[in-house]
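Excluded from the calculations below are hydrogen atoms, water molecules and symmetry mates; all remaining heavy atoms, backbone and side chain alike, are included. Naming convention: chains lettered A, B, ... in sequence-line order (proteins, then strands); numbering from 1 in each chain.
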Protein chains: 2
Amino acid sequence: MPEAITQSIQDYLKHIYELNEHGGAASTNDLASRLSVAPASVTGMLQKLANSQPPLVIYKKHQGVRLTKNGEKAALEVIRHHRLLETFLVKTLGYSWDEVHCEADKLEHVISENFETRMAAALGNPTRDPHGELIPTADLVMPADESCPLASLRADETATIRRVSADDPALLRHLHKIGVVPEVKITVKNYSEFDGNLTLQVEGQKSNIVLGTAVTNQVFVEKEN
Amino acid sequence: MPEAITQSIQDYLKHIYELNEHGGAASTNDLASRLSVAPASVTGMLQKLANSQPPLVIYKKHQGVRLTKNGEKAALEVIRHHRLLETFLVKTLGYSWDEVHCEADKLEHVISENFETRMAAALGNPTRDPHGELIPTADLVMPADESCPLASLRADETATIRRVSADDPALLRHLHKIGVVPEVKITVKNYSEFDGNLTLQVEGQKSNIVLGTAVTNQVFVEKEN
DNA sequence: AATAAAATTTAGTCTAGCCTAAATTTTAGA
DNA sequence: TCTAAAATTTAGGCTAGACTAAATTTTATT
């Protein structure tokens, strides 16, 4: 019989998923810092996950870790919970988009399938959360993401903001204030080759804004066709 | 500094509170069966709670346990969470009153003060949950309960149902079906001295019903003045 | 290719909260 | 009041998931 997927394991799987999305295998150190846990603790858990029945990860010493199909399903379940919860907190309880992360991080581990289903239905089965992140479907498939970093745009390009993959509440509040939120159209007025700064015209805003790469790498857009 | 109040401790305090409400001190065995834990485990936890700084319970060997002021506040916090959550699940997500208990038992430990406040506001600061249980106030005071067991009524007495303190989902579904829910008026048509059965006329229902003491002891009413 | 630095793993501990078995205390009935 | 049964506590263990310190492997730099 499959061993229990504890809250702690859910957190490991979720972060491995996110690290796998970007670079290839997730490293011990990256996981440790994301989970706020000592690297040695990560090694121990990875060994356990790799030896569980069925295995949730594929792990080779010193070479990082990847999710198995089973591990990915478990990860997507947690991510679906998280993103539905963020949406629910904003839509139903009036949270702002910079407040929802912590709350969802705790709730994601304890809600039932029943809760998930009712919440999704109450929200009209949304496909994106308040930050524009894609919500895995009920049968645990992650929709394809067509967006690219805002940082990759150049002068005169026009695009629609799709997601803001930032955690920092202060940054989120700032971006909200200057109108940099999902589904808003922007046009690049200038690109600085020295620092990568972009000058943007934001739909619905009076004056242009300048954003550095630390920010534009966290904002994802779809270019005008 | 006060030690952390873990989920496990919250569960102990909640059940000690409920046992203190009825009989005096809560016994080791009663706690063990409510918590689904071995009696020896309860003894260990009670010693810990009594020695914590500040103490959360007063405990003397073989004589059961009572909450201190601090312990009571912590218990009421959890109970407030639980009852607000039950109300929220019914009102906002369309749960039926027999489904909410398990879900609330998990969520009660993880929601923030922010969540509690927003939820209470969204519900209009309710004073009772879907079963009619009183909800502790935001400053953690339990309102006085004026009700008495339905089982204590006799023929010709009329009363209003205030709460249904039952856990069993099947019983709850049955009571809902026959209209035995909070705020409904009932009249006792007959009392049987042999088995304690009550024959009731239930407001809004066509035919009378007969309920045994196993049920009437779990339903609480306020008599007509 | 040598070596220093960084990353990772091993080894050994710790804590919370549970467990069982055995010992003890309390309670109830003859 | 004595004794059997019930309730409770003690003693000793276990597991998950964290930790630190030390050992090892990998990577990067000269």
Partner residues of Asp98(A) under the side chain to side chain donor-acceptor pair (under 3.5 Å) criterion, sequence neighbours left out: Ser96(A), Arg173(A)

Who are the side chain to side chain contact (heavy atoms under 4.5 Å, CB included) partners of Asp11(B), not counting sequence neighbours? Lys14(B), Leu35(B), Glu108(B), His109(B)

Below 4.0 Å: OP1/OP2 of dA16(D) and any side-chain N or O of Tyr12(A): no

Pick the nucleotide of DNA chain D nearest each of His62(A) and Thr6(A); which residue has the one closer to the 5' end? Thr6(A)

Can you list the residues that meet the side chain to side chain contact (heavy atoms under 4.5 Å, CB included) rule with Cys102(B), with sequence neighbours excluded? none

Whole angstroms only, please: what is the CG-C1' distance between Asn51(A) and dG17(D)? 16 Å

Where along residues 26-35 of chain B does a heavy atom come under 4.0 Å from DNA chain D, residue by residue in number order? Ser27(B), Thr28(B), Asn29(B)

Taking only residues two or more places apart in sequence or in another chain, which ones pass side chain to side chain contact (heavy atoms under 4.5 Å, CB included) with Thr92(B)? Phe88(A), Thr92(A), Phe88(B), Leu123(B)

Roughly, in whole Å, what's the span from CD1 in Ile9(A) to P in dA16(D)? 9 Å

With sequence neighbours excluded, residues passing side chain to side chain contact (heavy atoms under 4.5 Å, CB included) with Thr216(A): Leu150(A), Ala151(A), Leu198(A), Leu211(A), Thr213(A)

What are the 5'-most and 3'-most nucleotides of DNA chain C lying under 4.0 Å from any heavy atom of chain B? dA16(C) to dT26(C)

Sub-4.0 Å heavy-atom contacts from residues 39-48 of chain A onto DNA chain C, ordered by number: Pro39(A), Ala40(A), Thr43(A), Gln47(A)

Which residues share a side chain to side chain donor-acceptor pair (under 3.5 Å) with Tyr95(B), sequence neighbours left out: Glu103(B)

Considering residues at least two apart in sequence or located in another chain, which fulfil the side chain to side chain donor-acceptor pair (under 3.5 Å) criterion with Thr127(A)? none

Could you pull out all donor-acceptor pairs under 3.5 Å where a side-chain atom in residues 37-51 of chain B meets a protein atom, sequence neighbours excluded?
{"from": "Thr43(B)", "atom 1": "OG1", "to": "Pro39(B)", "atom 2": "O", "distance (Å)": "3.4"}
{"from": "Asn51(B)", "atom 1": "ND2", "to": "Gln47(B)", "atom 2": "O", "distance (Å)": "3.0"}

Mind checking what makes side chain to side chain donor-acceptor pair (under 3.5 Å) contact with His81(B), not counting sequence neighbours? Glu77(B), Glu116(B)

Any salt bridge between Lys223(A) and Glu157(A), counting N to O under 4.0 Å? yes

